[in-house]
Amino acid sequence: MQPWRVHVVTGEAKTRLSCAIAEIDNDPSLSNHLEDAYEYYPREWTSPYVDRRRQVGWELYGLLGIEKGDKQRMHAQHGRNYRFFDAPVGLIFTIDRVLKEGSLLDYGMFLQAVMVAARGRKLHTCPQAAFLKYHRVISQSLAIPADQMLVCGMSLGYADETSIENTLVTDREPVSAFSTFHHNNKETTP
Ligand SMILES: Cc1cc2nc3c(=O)[nH]c(=O)nc-3n(C[C@H](O)[C@H](O)[C@H](O)COP(=O)(O)O)c2cc1C
């Protein structure tokens, strides 16, 4: 079904989009009550997901020397999302609203393919759910029709390997933690 639609932003169009988002993001009276384009995250966070998410967040902020409660620096760091982390190319992905969850599964594979293909060309990417909150201004800025829903954004460029945040290596659960092997009606975990 090839449900993907991609808006590639560079140059002035990218700057215009980033500025339009930043204007809202930097004004809590405008940004506080915005809803994401769809429910990417659960409304109620539970373990172990909330713990894993926090761990990555605190490890990243730890590397950057941002302390708990330093809202200003946290906001500034988060705001870098909207400048596509200064990458030269921004990608905005949308999907036709008539499509269902299955197409989002296909979409995830497409995003992964873009990221792997980028690595094959020595490029780096950062997929970004941070854009979901700003779907309205993004649609306005890029003239995205109302029948398209924002899926996520992505930065595309060359990672600054000297930046401390790019040394972050995230944890992975071992295979045994998420797999159950069934054989001869007996369940085993390795
Ligand atoms: C769908 C998706 C959305 C993401 N959204 C953001 C984002 O908005 N901002 C960001 O900095 N990283 C985002 N990330 C990147 C994760 O923060 C990144 O994957 C994390 O650093 C863990 O690295 P890993 O994927 O190698 O485990 C996203 C990743 C995925 C797969």
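Counting begins at 1 with the first residue of the sequence. Start at 1 and go down the list; that is how both ligands and their atoms are numbered.
- Tyr158 and Val9 fall within a single hydrophobic cluster, where Ile, Leu, Val, Met, Phe, Trp and Tyr are joined by side-chain heavy atoms under 4.5 Å apart, directly or via other members.
- Under the 6.0 Å distance and 45° angle rule, Arg97 does not count as a cation-pi partner of Tyr38.
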Contacts table for ligand 1: protein N or O within a distance under 3.5 Å of ligand N or O, distances only.
| unit_1 | atom_1 | unit_2 | atom_2 | d |
| --- | --- | --- | --- | --- |
| ligand 1 | 5 (N) | Pro127 | O | 3.1 |
| ligand 1 | 5 (N) | Ala129 | N | 2.8 |
| ligand 1 | 8 (O) | Asn81 | OD1 | 3.4 |
| ligand 1 | 8 (O) | Ala129 | N | 3.0 |
| ligand 1 | 8 (O) | Ala130 | N | 2.8 |
| ligand 1 | 9 (N) | Asn81 | OD1 | 2.8 |
| ligand 1 | 14 (N) | Pro127 | O | 3.1 |
| ligand 1 | 27 (O) | Thr170 | OG1 | 2.6 |
| ligand 1 | 27 (O) | Arg172 | NH1 | 3.0 |
| ligand 1 | 27 (O) | Arg172 | NH2 | 2.9 |

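- For Glu23, the side chain to side chain donor-acceptor pair (under 3.5 Å) criterion is met by no residue, not counting sequence neighbours.
- Judged by distance alone, with hydrogens and angles left aside, the side-chain atoms of Ser18 form a donor-acceptor pair with the main-chain N or O of Tyr82 at under 3.5 Å.
- For the 3.5 Å distance criterion, the side chains of Arg53 and Tyr41 qualify, holding a donor opposite an acceptor.
- Contact between Asp106 and Trp4 at its shortest, heavy atoms only, is O-CZ3, 3.6 Å.
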